[in-house]
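Reviewing the structure listed below.
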2 protein chains.
Amino acid sequence: MLSERQMMILRAVVRDFTNTGVPVGSKTLAKQLPIHVSSATIRNELAALEEQGLIEKTHSSSGRIPSGEGYRYYVDHLVKPDPLRPNDMDVIQSSLGGDFHKIDEIISQSATILSNLTSYTAFTLKPELKDSRLSGFRLIPLGKRQVMAILVTDSGDVENQTFDVNEKVTGEQLEAVVRLINDQLVGLTLPEVLKKLQQDIPLKIANYLQSPEGFLDIFGDVLTRAAQERFYVGGRLNLLNFSQDSDVDSLKSLYAMLDKTDDIADVLGQPSDKISVRIGNEMTNDALRNFSLITATYDVDQHGKGMIAILGPTRMPYSRMLGIVGAFREELAKKLLDYYRFYDE
Amino acid sequence: MLSERQMMILRAVVRDFTNTGVPVGSKTLAKQLPIHVSSATIRNELAALEEQGLIEKTHSSSGRIPSGEGYRYYVDHLVKPDPLRPNDMDVIQSSLGGDFHKIDEIISQSATILSNLTSYTAFTLKPELKDSRLSGFRLIPLGKRQVMAILVTDSGDVENQTFDVNEKVTGEQLEAVVRLINDQLVGLTLPEVLKKLQQDIPLKIANYLQSPEGFLDIFGDVLTRAAQERFYVGGRLNLLNFSQDSDVDSLKSLYAMLDKTDDIADVLGQPSDKISVRIGNEMTNDALRNFSLITATYDVDQHGKGMIAILGPTRMPYSRMLGIVGAFREELAKKLLDYYRFYDE
DNA sequence: TTTAGCACTCAAACTAATCAAGTGCTAAGA
DNA sequence: TCTTAGCACTTGATTAGTTTGAGTGCTAAA
C-alpha cells in the first residue's frame, strides 16, 4: 500500500524520468514537489518505494528510475490522459478530412497520422466482424494467358492475385472450377475453407484440370491472405530513434517482426474496450523489453470493432500518449461512421 | 599513368582494405606482395599513388585507404570477377527452381536471393518493353457497393484497386465510363493517357457521372502505379549493418528512399549492357556517399530487358560481388526464358 | 516524523603516460 | 637512378590515475 505522498513521489519520478531520461534524485524531487519537505525525507520515501520494487537504481549511488512494476502502478493508478493539444486535433481532422474511396485507405492513413502525432511506430487494424465467410470467388481472364483470381468475403474484404496459365487450360475448365468452388465453399468461414482445401477439394478439381497444383497454390495463397488480419504500420523508421547503443541485432529482429503479420497479431493481443498499456517486461517478445505498447479498440457500431496501437520506448510520456490514443480512436470511429453512412445512403 | 608495380600495390591496398576494413601500411603490403621489395620502397610508391589521388590517409601517420578515385581505377582496370562459389550456385538454382505462376514472383524472389548471397541490399526490376500501352480497363462489381478497377497494359502489367461506390451510381453509368475509356484511350502509352486524363476526359465523363472526381481519382491512381517502374527490394535490413556510428538520420533518409520508387529509379540510372559499378562519391545522393551500387541488365530476348542491382558499402569485395551479379543475371535470364516458354507453348 | 549533516559510492570527465603502427626523409649501397 | 636501412616524428588507442558532482544511507538532534 502506498501513502498519498509516496504516490505523489512515484508519479513525479515517472514524469521526470520520462521527460529527461536521467535517473532522478531526491534533491530534484524536493524542488519539484508541491509539498515542502527536505531531500532527506524524500530519500526515506524513495527507499520505501524501492523496497516495494516500484523504482530502482542504475548503480548504488544513482538516482532512481521506475521499474517495470513502477510503470505498471503509474499507468494503473496515477496517470490521467492529457487533453489533446489543439494543434494535434487539427492534424487529425485535416488528415482524416480528405475523400476516401475505401476503408483500407482510411485505416492505413490512420497509422501514418498516429505515428506522426506520437513520433513512435503505430499500428492500425480495420474494423472486423468475427468469422468472415467466403462470399464469392472469381477468375477473370485478362489477356492471352493472364488470369486474375478474386476472392470476396461477406465482410467486404477482397483479395486478388494475377497469375499466368498455360494455354492448354481452357476457359470452360476454369469456369467449371469456379463453379465448383462457389458451390462447395461459399458460406463457409475461411478456416473451414482452408481445411477443405487440404482435403476433398483437390480430388474434385482433378476432374476438371489435369494438373491442379498450380491453381490450388493460387487459391490457397489468396485465401490465406484473406484469412489473416491485415495490419497497417506507420512510422516504422521511428524505431531507429530508440536503438540504444545501436544494437543492430535486436533492431533487426524488431523489423523482421513488423513484416510478419502473425507476430504482430500476437503482440497486439486480444482487444479490450479499455485502452490498454503493456510494458516491456510484461511482453513475451524479448526484443520488446525496452518498449511499451498502447492498444485501444474503436467501435463502428454494426460494422464491428477495429484496433489502433502505438509502440514506443518504455520511457514514454504516458499521459500525453494516452490522450492521443483516446482522442484518435474517437475521431477514427466518427470518420468511419461517416464513410459508411455515405456509401450506404 | 601507373607502373605495373603501382597497379599491383593499388590492387593490394583495395583488396586488403575491403577485407579487413583497416587502413593498410607499407609493412603489411611488403609481406603480401609477390615481389620482394622493402617497406621503404613501398612507401615511396604509396606516396606516388597518393599524389595521384588514388589512395589517402585517415590521419597523418596512418596506413592508406583507397579514395573514391582509387576504387574507380580498381574496378575499371584491376579487378576481375571471381568465379562463383559452388555453394552460391546451388543457392541460386534451388531458390529459382520452384514453380512460379507469375513473373513478379520470380523477380521479387530474385531480390531476396541476391541479398542473401551478398548480404547487402538488392534491387530487381522486371523485364520491360519500352513504352507499354494501355490495352484494357475494366470495372468489376464485387458486392453491394464494391467495385474493382483493373488496368492492363500490352506488356502484361496489371494494376488493380478496389473501391467503394455510392449506390446512386448505376451499373449502366459505370459501363458507359468503361466504354469511353476503352474507346478513347486504349493503344496510347501510359504517359499519353495520363495527359488526356488531365485534359478532355474529365469533361466527357461528366456526361455520365454527376461527380466524376472519385472515379478519376481511382483511375488516375491505378494509372500512375502502372506507369511507374516497379522495383523489388531484398534485404533492406542489411543496410543496418553499415550504419557507421549509428548515424540514424542518414539511415532514415536511406530507408525513406527505398520506399520512393522514383528515387530508386533515379539512383539505379540508365541500363547498360555492361555490369556497372557506381562508387559513393559518384552518386548524387548524399546519403549514399559510403555506398557502392553494382547494376546489371539481364536480357530475355523478345521479352525485353530487366535490371538487377546490389547496394553495399563502398568497401565491398568487388571481385566477389561482380562474380555474383554476373552469374545471377545469366541464371535469371535462363529461368525467365524457361518460364515464358512454358506459358507460350 | 522530519531534517541537517556527514561519510561514502560511483559514473563520467579529464589528464598523463605508454604503445604500436605507421609515415617521411636522409644517406648509403647496388 | 633505384632501393633500402635507419631514424625521428606523428597519431590514435589503450591504460591508469584523479577529480568532480550527483546521489545515497545513516545517525542524531529537533
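Note that these values count all heavy atoms, side chains included, but never hydrogens, waters or copies made by symmetry. Below, read A as the first sequence line, B as the second, and so on, with proteins coming before strands; counting in each chain starts at 1. Just so it is clear, the structure is predicted and the values come from calculations on it, not from any experiment.
The closest side-chain heavy-atom distance from A/Leu29 to A/Glu45 is not below 4.5 Å.
Taking the side chain of A/Arg43 as heavy atoms from C-beta on, and the options D/dT4, D/dC26, D/dG23, the nearest nucleotide is D/dC26. Picking from D/dG12, C/dA11, C/dG24 the nucleotide with the shortest atom distance to the side chain of B/His59 gives D/dG12. Side chain of B/Ala40, nearest nucleotide from D/dT4, C/dG24, D/dT11: D/dT4. Counting only heavy atoms from C-beta on, B/Thr41 has its side chain closest to D/dT4 among C/dT2, D/dG25, D/dT4. The side chain of A/Ser38 lies closest to C/dT3, out of C/dT2, C/dC10, C/dT3.
There is a side-chain donor-acceptor pair under 3.5 Å between A/Tyr318 and A/Ser292.
In this structure, CD of A/Glu56 is placed 16 Å from C1' of D/dG23, rounded to the nearest angstrom. For the pair B/Ile42 CD1 and D/dC2 P, the computed distance is 17 Å after rounding to whole Å. Rounded to a whole Å, the CD atom of B/Gln6 is 12 Å from the P atom of D/dC2. C/dG24 atom C1' lies 13 Å from atom CD of B/Glu51, rounded to whole Å. The NZ-P distance, from B/Lys31 to C/dG22, rounds to 8 Å in whole Å. Regarding B/Glu45, its CD atom lies at a distance of 10 Å from the C1' atom of D/dC2, rounded to whole Å. Computed from coordinates, the A/Glu50 CD to D/dC26 C1' distance equals 15 Å when rounded to whole Å. Between B/Asn44 atom CG and D/dT1 atom P the separation is 15 Å, expressed in whole Å.
A/Thr28 comes within contact range of the sugar-phosphate backbone alone, with a heavy-atom separation under 4.0 Å but no base atom that close.
Under the 6.0 Å cut-off for aromatic ring centres, A/Tyr120 and A/Phe291 do not qualify, their centroids lying 6.0 Å or more apart.
An OP1 or OP2 oxygen of C/dT23 is reached within less than 4.0 angstrom by no side-chain nitrogen or oxygen of B/Ser62. Remark: B/Lys27 is not in phosphate contact with D/dT4, judged by side-chain N or O atoms under 4.0 Å from OP1 or OP2. The side chain of A/Lys57 contributes an N or O atom lying less than 4.0 Å from OP1 or OP2 of D/dG25. At D/dG23, none of the side-chain N or O atoms of A/Arg64 fall inside 4.0 Å of OP1 or OP2 (strictly under the cut-off). A sub-4.0 Å separation between OP1 or OP2 of C/dT23 and a side-chain N or O of B/Ser60 is absent. One finds no side-chain N or O of A/Arg5 lying less than 4.0 angstrom from the OP1 or OP2 phosphate oxygen of C/dT1.
In the displayed structure, A/Lys27 atom NZ is contacted under 6.0 Å by at most 12 heavy atoms of other residues, nucleotides or ligands.
You won't find any donor-acceptor pair under 3.5 Å spanning the side chain of B/Ser61 and the base of C/dT23, going by distance alone.
A salt bridge does not link B/Glu56 to B/Arg64: none of the charged nitrogens lies less than 4.0 Å from a carboxylate oxygen. Under the 4.0 Å criterion applied to side-chain N and carboxylate O atoms, A/Asp88 and A/Arg320 are assigned as salt-bridge partners.
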